[in-house]
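One structure is given below, encoded as C-alpha cells.
As the structure is a prediction and not an experimental result, all values here were calculated from the model. Below, chains carry the letters A, B, ... as their sequence lines are ordered, and counting in each starts from 1.
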2 protein chains.
Amino acid sequence: MDPTGLDGTNMARVRLIDVAELAGVSMKTVSNVVHNYPHVAPALREKVQAAIDQLGYRPNLTARRLATGKTGMIALAIPEIDHPYFSELSRHIAEEATRRGYRVIIEQTLSDPVVERAVLSDREAGLVDGVIFHPVRMGSLDIAKLDAATPLVLLGEAAMPVMTDHVMIDNVSAALDATRHLLARGCRRIAFLGVIAADITGSTNQRLLGYQQGLLEAGVELNPELVFTASEFTAEAGLRSVAKALERGVRFDGVVCRDDRFAIGALKTLHDSGRSVPGDVAVVGWDNTFLAAYTSPTLTSVAPRKTAIARAAFDLLEERIAGYRGVGRHMIVGHSLEVRESAPLAP
Amino acid sequence: MDPTGLDGTNMARVRLIDVAELAGVSMKTVSNVVHNYPHVAPALREKVQAAIDQLGYRPNLTARRLATGKTGMIALAIPEIDHPYFSELSRHIAEEATRRGYRVIIEQTLSDPVVERAVLSDREAGLVDGVIFHPVRMGSLDIAKLDAATPLVLLGEAAMPVMTDHVMIDNVSAALDATRHLLARGCRRIAFLGVIAADITGSTNQRLLGYQQGLLEAGVELNPELVFTASEFTAEAGLRSVAKALERGVRFDGVVCRDDRFAIGALKTLHDSGRSVPGDVAVVGWDNTFLAAYTSPTLTSVAPRKTAIARAAFDLLEERIAGYRGVGRHMIVGHSLEVRESAPLAP
DNA sequence: AAAGACGTTTCTAGCGCTGTACATTGACGG
DNA sequence: CCGTCAATGTACAGCGCTAGAAACGTCTTT
C-alpha cells in the first residue's frame, strides 16, 4: 500500500493528527474546531479550519463511534421493503430519522423467523443505537427472551411483550369504523377479506373483531360464509378468494379488506365478473397506500397515520436511548377512513 | 456508569477480553475461534466457545471496523423510498447485499441536489465501503468533481461521468420495443407521456428518442401534438396531462408512458372518460412495478431486469472495493416488454 | 541429544477519535 | 506583587478488535 497515493491506488485518508500537525496544534484542538466547541480562539480556529480545508479532512465516523459508543444509526426491520405499506412507512421513518440526526439501516426480514431473530441479535452488536422492528413471526415470548441492551420499539400487533415499547393503531376501532361506514351506506351483507390460515399476526383477528362488533351493534347477523379466507398476503390471493366466493354463489354488497392489496385483488375480480363498485359491492381497503388513489374506482381505505407512527416510534426509542428502562409503553396512534369512490359517503 | 449492571441501567457489554479471561486464554485465541481460524486445538476451541456462550459474547462491529478498515456496509441513495420502482429495486439490492455479506444504509435524496451532494460526501466519511447512487439532479461534472476514494456505482441515466461505473438499461431500444409493440397492434396515432419541463434526467429524452425511432421506421409521421407534457413525476400529473389532451380533442390510439405511474394516471383518465383500454387506446407503462399486474386492465410495461441491475451494480462495486481504479465501465442490463391487457399482443 | 520444523498460542501495536486530567496563559482583585 | 480564576491548549489513555511478530511447546530428524 502506498500511503502517498502517488499511484492512485490508495489515497491515504487524512486523519485528525495530520490536520493537527499541519496547523501546529494538538489533535484535541482540531477536534474542538470540528465540533464547534466554543472556547477556541478565533485566530486558531481559522488556522485549523484552513488546514482542514486544505487537506480535505473528514472525520472517520467509525472511529468516532468507537470512542463515543454512539453509532447514530438505527435499524428498521420490516418484512418487505417493496410492500407499499412498508415502503411508505420506511419513508416516514427515514425522514424522521434525518430530522433527528440518525441514519437508517434497513433490514428486510421476509417474515422469516430466522432472519427476525438475527435482526434482534444485531441489537447487541453495537451496530446501531436502537431498532424499530415490525415482527411477523416472532411472538412476545421470543422477543422478551432476547433481552439485549439495545433499545427496541415494536410496530404492528404480532407481538406485544410487556417490557417492550410498542406503537400501533387501534385495529378494532378502525375496523369498526370501516364496517360502520359500509352499514351507513346501507350494506347489509358485508364480507371480511380475509383470514389467513397461517396468520400469526394479531392484526387480522383484531380487525375481524372490529368488523364483528360493527355488525353486532347494527343488529346484523354474523354470517361465517362472509368471512373469506386467503392463502397468503398478496393481491393475487385476495383476487382468488373473492373469485371463489362468487363461484360459490355467496352474495354480498360490501367488503372490508384487511389490506389494500386484498382490496385491489377484490376490485379486480369484481370488475372482471361484471359487478360494479360501489354500485353492487362497496369496498374498503386498509393501509391507505398510494395505490388507493389510483385504482378504478379509487379505493376507500383505513388510513393509519404513518407520520405519527414514525414520530411515536422515534419518541419511544430516543427515550430508551436516553436511558429509560421502565416497563413497555404501548402507544396507540390515530387513524382515519379515507373515503373514495369504492365506498363513498352514504347517499 | 455502573459496569456491574446491578442497577440494570448499563449492563456492561461483554468484550473479547472478558471471554479470554474466563476461558483462560489470550484475546487472539478467542478471536481465532470467533473467526474459525483452523489452527486452534479442539479442546481449546471448545473451552473458548463455552465461555462465549456463557457470557453471550457478540463482537462489537464498530471496533472490528475500525481495526479492519472495512465497514461491511454500502449506501443506497435513491430519490424516494416509496416510489414503487425504487422500492422494488431496493429490495433487490438489499437481497443482493445480504447474499454478499453487506448491510445497506438507505439514503433518500428526495431529488434534492443538496442531499445528493451530501450523500456523495459521506463516501469519504468511512461510513460505508461503497455507494450505489441513482442521481437525479447532479450532473456528470458535479459527480466527477467529488473524487472521493470510496467506490461508487451510478444507476440511471441522469449523469454519466467518464470515470464512474454505471448500470442502466438501453432506454432507446426499450422505448423502441414498446413503440413497435403498439405499431404491431395497428396503432398509428401513438402518444408519448410525458415530457417534463424541469426534467434533468436523460432518461426521458432517450425514451422519447426510441419512441421517435419506432415511428420513423414504421413510416409514421411524428406528431408533436402527441408528445404530452406533465408537470411532475406523479400519477396525478399523468392523469391531468392525458385529460388535457382529451379536452383539446387530441386523438390517439396508443400511449407509451415513460413511467408506470403516468400509465396509471392515463388508465384512470381514459376509463373515466369512457374510453376502453386497449379497445380505443392501448397503453404501455414503464418499470413493470407490481402495480402493473393489478390495474384494470392490467398494464403492459417495459420491464428492466431489476435483479440484473442489482447484481451488476454489486459486481462493479465489489471490483472497485477490491481495488480496481480504471476508467468507468458502463453496463447495459437487459429489459423486456411484459405484455398484459392494456396492450396485448397483436390480434 | 541437539537442531529443525511445524502447529499453536500469546503479545502487542495499532485503527482514528473522544474526553478527562492537567498545563499554560493572561486578567484582575486585594 | 502575588494569588486566584477563567479561558485555552496539550497530552494521553482508552473505546474493542485485528493481525503480524514473537514465543512456546511438541514432534521429527539427524
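- The side chain of H39(A) lies closest to dT8(D), out of dG7(C), dT8(D), dG16(D).
- The two residues R117(B) and D142(B) come nearest to each other via the heavy atoms NH1-CB, 4.1 Å.
- Nearest to the side chain of A67(A), among dG16(D), dG16(C), dG9(D), sits dG16(C).
- Remark: C1' of dC17(D) and CZ of R65(B) are 12 Å apart, rounded to the nearest angstrom.
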task = For R65(A) and D129(A), run salt bridge (Lys or Arg N to Asp or Glu O under 4.0 Å): C-alpha distance rounded to whole Å, both residues' side-chain angles, the deciding distance at 0.1 Å, then the answer.
result = CA-CA 11 Å; R65(A) 276 162 195 184; D129(A) 293 336; over 6 Å; no
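- Judged by a 6.0 Å distance limit and a 45° cone about the ring axis, R329(A) is positioned over the six-membered ring of Y324(A).
- Distance, L61(B) CG to dC15(D) P: 18 Å, rounded to whole Å.
- L44(A) places its CG atom 17 Å from the P atom of dT24(C), with the value rounded to the nearest Å.
- At a cut-off of 3.5 Å, with distance as the only test, no side-chain donor of S87(A) or D82(A) sits close to an acceptor on the other residue.
- Note: NZ (K70(A)) to C1' (dG19(C)) measures 16 Å, nearest angstrom.
- Comparing Y37(B) and Y57(A), the nucleotide of DNA chain C nearest to each residue sits closer to the 5' end for Y37(B).
- Aromatic ring pairs are classed by plane angle as parallel below 30°, tilted from 30° to 60° and perpendicular above 60°; the pair Y102(B) and F314(B) is tilted.
- N60(B) places its CG atom 7 Å from the P atom of dG16(D), with the value rounded to the nearest Å.
- Near DNA chain D, meaning a heavy atom under 4.0 Å from it, residues 15-35 of chain A has V25(A), S26(A), K28(A), T29(A) in order of number.
- Looking at which nucleotide of DNA chain C each of R64(A) and A41(B) is closest to, the 5′-most match is held by A41(B).
- More than 12 heavy atoms of other shown residues, nucleotides or ligands fall within 6.0 angstrom of atom CD1 in I332(B).
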